[in-house]
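Order of the sequence lines fixes the chain letters, A, B, ..., with proteins taken first and strands second; residue numbering starts at 1 for each chain.
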Protein chains: 2
Amino acid sequence: MKIGEAAATSGCHLETVRYYERIGLLPKPQRTGSGYRAYSDDDVRRLRFITRGRELGFSLDEIRSLLQLSSDPGLSCSEVDQLARTHLGEIEQRVKELSRMAKELRRTIVTCSKDQRKDCAILDALWCEKSPTTNSAPKPRKSRAMTDVHS
Amino acid sequence: MKIGEAAATSGCHLETVRYYERIGLLPKPQRTGSGYRAYSDDDVRRLRFITRGRELGFSLDEIRSLLQLSSDPGLSCSEVDQLARTHLGEIEQRVKELSRMAKELRRTIVTCSKDQRKDCAILDALWCEKSPTTNSAPKPRKSRAMTDVHS
DNA sequence: GCTTGACCCTGTAGTTGCTACGGGGTTTAG
DNA sequence: CTAAACCCCGTAGCAACTACAGGGTCAAGC
């Protein structure tokens with residue numbers, strides 16, 4: 001199977017397949033006499049493993065670990081489980097953050113569309129003086145002025 | 001105000017401030033006699049605008065638009081509103097995708113922890129033969145074999 | 001006066017996960 | 001025999017930073 005077909009059947013971009021090979025996620029495939037990549041069924045399965053992992057939001061590094069764990073005859077299911085749980089936690093965290101964002105945006109958009117004149121609630125929300133959560137300036141060392149501004 | 005303080009009060013990394021200047025999101029600030037950046041209150045407000053925008057998930061390009069709309073005396077609130085609504089839609093989409101991922105992962109993790117032996121449900125899910133949604137191979141053009149594999 | 005350390009400067013390269021390009025070679029249908 | 005469709009390689013680009021290396025500045029303490 002040539003690269004184009006391998007890419008199509010595993011649902012990823014042709015250049016992505018070469019990229020996975022370049023970073024060592026996919027083994028270097030056989031070559032035809034004219035230098036074309038020739039993928040075995042196993043290669044394609046591995047590629048599908050990767051794309052499915054990506055669909056589930058695993059990073060390429062995590063997928064690398066999963067592949068390694070998978071090939072380990074010592075069968076370390078608990079490590080796989082741990083990796084998946086950690087990853088799930090991260091996704092849930094991200095969902096929470098995005099939901100918070102969405103909520104705030106929705107709120108702002110609603111109040112904005114009420115008064116469609118002079119003041120825009122969305123811009124106001126962005127310009128607002130609310131100080132960022134926790135941050136101290138780096139000890140201004142008795143910062144005497146800064147009067148010598150030029151140009 | 002020097003860069004370190006400006007960064008701290010607006011809640012972003014010092015190098016990020018320089019980055020925003022480099023890409024033209026933040027105007028080039030005044031300089032002290034010794035070449036240090038000297039930020040005005042307006043500069044810092046603008047920086048805060050940017051960081052707040054980022055917190056709401058706007059891209060730097062979107063923030064650039066918001067800043068431009070904001071400075072427009074012709075007051076085009078509807079454009080701001082449109083941008084925010086589009087952005088909200090994207091965030092909601094992302095939340096949906098991530099929630100789907102999380103759901104599938106949770107399902108897989110649960111079934112995996114049941115049988116903590118030979119077969120790992122998580123790896124199985126990744127190795128599974130389920131073909132990717134919609135994808136046709138690129139017309140194998142009667143692809144005659146590929147028998148000439150070498151090396 | 002001199003050192004120490006915190007701060008600042010510039011420019012460049014790295015990160016993740018691709019995607020796109022230029023400039024070529026190969027294969028096969030018509 | 002030509003044109004289209006496929007493949008090769010290497011490099012550069014994207015977003016949005018972050019992290020150096022290799023220097024300069026400045027105030028305080030000894």
Side-chain angles (χ1 to χ4, degrees), chain A residues 1-8 10-26 28-39 47 50-51 53-64 87 90 94 136-149, chain B residues 1-8 10-26 28-39 47 50-51 53-64 87 90 94 136-151:
Chain A
M1 194 185 290
K2 280 182 280 178
I3 195 172
E5 206 184 336
S10 59
C12 77
H13 201 289
L14 183 148
E15 313 243 32
T16 306
V17 181
R18 282 202 277 256
Y19 170 69
Y20 289 159
E21 177 185 331
R22 201 162 58 242
I23 64 170
L25 206 53
L26 214 49
K28 283 178 198 294
Q30 306 272 86
R31 295 288 183 137
T32 68
S34 54
Y36 287 10
R37 286 169 179 80
Y39 291 97
L47 183 53
I50 298 169
T51 53
R54 292 295 295 141
E55 279 165 25
L56 287 174
F58 285 99
S59 71
L60 293 182
D61 248 24
E62 285 171 326
I63 291 169
R64 207 186 291 271
H87 176 56
E90 283 160 12
R94 191 89 188 102
S136 56
K139 270 165 282 277
R141 221 178 27 195
K142 207 171 275 178
S143 165
R144 190 181 356 273
M146 270 197 69
T147 40
D148 53 346
V149 165
Chain B
M1 191 186 288
K2 279 183 280 176
I3 194 170
E5 205 185 337
S10 58
C12 78
H13 200 289
L14 184 147
E15 313 243 32
T16 306
V17 181
R18 283 203 276 257
Y19 170 69
Y20 288 160
E21 177 185 332
R22 202 162 58 243
I23 64 170
L25 206 53
L26 216 50
K28 284 178 197 295
Q30 305 274 88
R31 295 288 184 137
T32 69
S34 55
Y36 287 10
R37 287 171 180 80
Y39 292 97
L47 183 53
I50 297 170
T51 52
R54 292 295 296 139
E55 278 165 27
L56 287 173
F58 286 98
S59 71
L60 293 183
D61 249 23
E62 286 171 325
I63 290 170
R64 206 186 290 271
H87 176 56
E90 284 160 11
R94 191 91 188 102
S136 56
K139 271 165 286 275
R141 223 176 25 194
K142 208 171 276 175
S143 164
R144 191 185 355 272
M146 270 196 77
T147 40
D148 53 345
V149 165
H150 69 169
S151 175

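- Side-chain atoms of A:Y20 stay outside donor-acceptor range of the base of C:dG17, with no qualifying N/O pair under 3.5 Å.
- Within the nucleic acid shown, A:I23 has no heavy atom closer than 4.0 Å to any nucleic acid atom.
- Neither OP1 nor OP2 of D:dC9 sits under 4.0 Å from any side-chain N or O of A:R18.
- Spacing between atom CG of B:L14 and atom P of D:dC20 amounts to 14 Å, rounded to whole angstrom units.
- Phosphate proximity of C:dC8 to B:S34: absent, as no side-chain N or O sits under 4.0 Å from OP1 or OP2.
- Atom CD in B:E15 sits about 11 Å away from atom C1' in C:dG11, given to the nearest Å.
- Comment: A:E15 engages A:R18 in a salt bridge, judged by a side-chain N to carboxylate O separation of less than 4.0 angstrom.
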Apply side chain to side chain contact (heavy atoms under 4.5 Å, CB included) to residues A:E90 and A:E62 and explain how you reach the verdict. CA-CA 13 Å; A:E90 283 160 12; A:E62 285 171 326; 4.0 Å; yes
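- Atoms CZ (B:R54) and C1' (D:dA16) sit 6 Å apart, rounded to a whole Å.
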List the steps, then state whether side chain to side chain contact (heavy atoms under 4.5 Å, CB included) holds for B:T32 with B:R37. CA-CA 6 Å; B:T32 69; B:R37 287 171 180 80; over 6 Å; no
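- Within the 4.0 Å cut-off from OP1 or OP2 of C:dA20, at least one side-chain nitrogen or oxygen of A:H13 is found.
- Atom-to-atom, CD of B:E55 to P of D:dC17 comes out at 11 Å; the value is rounded to the nearest Å.
- A donor-acceptor distance shorter than 3.5 angstrom exists from the side chain of A:H87 to the backbone of A:L56, with no hydrogens or angles considered.
- Contact between the side-chain N/O atoms of B:R31 and the OP1/OP2 oxygens of C:dT10 is found at a separation under 4.0 Å.
- Between A:R22 and B:D61, the residue anchored nearer the 5' end of DNA chain D, judged by the nucleotide with its closest heavy atom, is A:R22.
- Closest to the A:K2 side chain, of the nucleotides D:dC7, D:dT25, D:dT18, is D:dC7.
- Nearest nucleotide to the B:S59 side chain, out of D:dA16, C:dC21, C:dC7: D:dA16.
- Remark: A:I3 CD1 to A:Y39 OH distance equals 4.0 Å, nearest 0.5 Å.
- Of the candidates D:dC9, D:dT18, D:dC17, the closest approach to any side-chain atom of A:R37 belongs to D:dC9.
- For the pair A:E5 CD and D:dA5 C1', the computed distance is 14 Å after rounding to whole Å.
- Considering only side-chain atoms of A:Y19, the nucleotide from C:dC18, D:dC17, C:dA20 that sits closest is C:dC18.
- As a whole-Å value, the separation of B:Y36 OH from C:dA6 P is 14 Å.
- The CE-P distance, from B:M1 to C:dC7, rounds to 15 Å in whole Å.
- Rounded to whole Å, the distance from CZ on A:F58 to C1' on C:dG17 is 17 Å.
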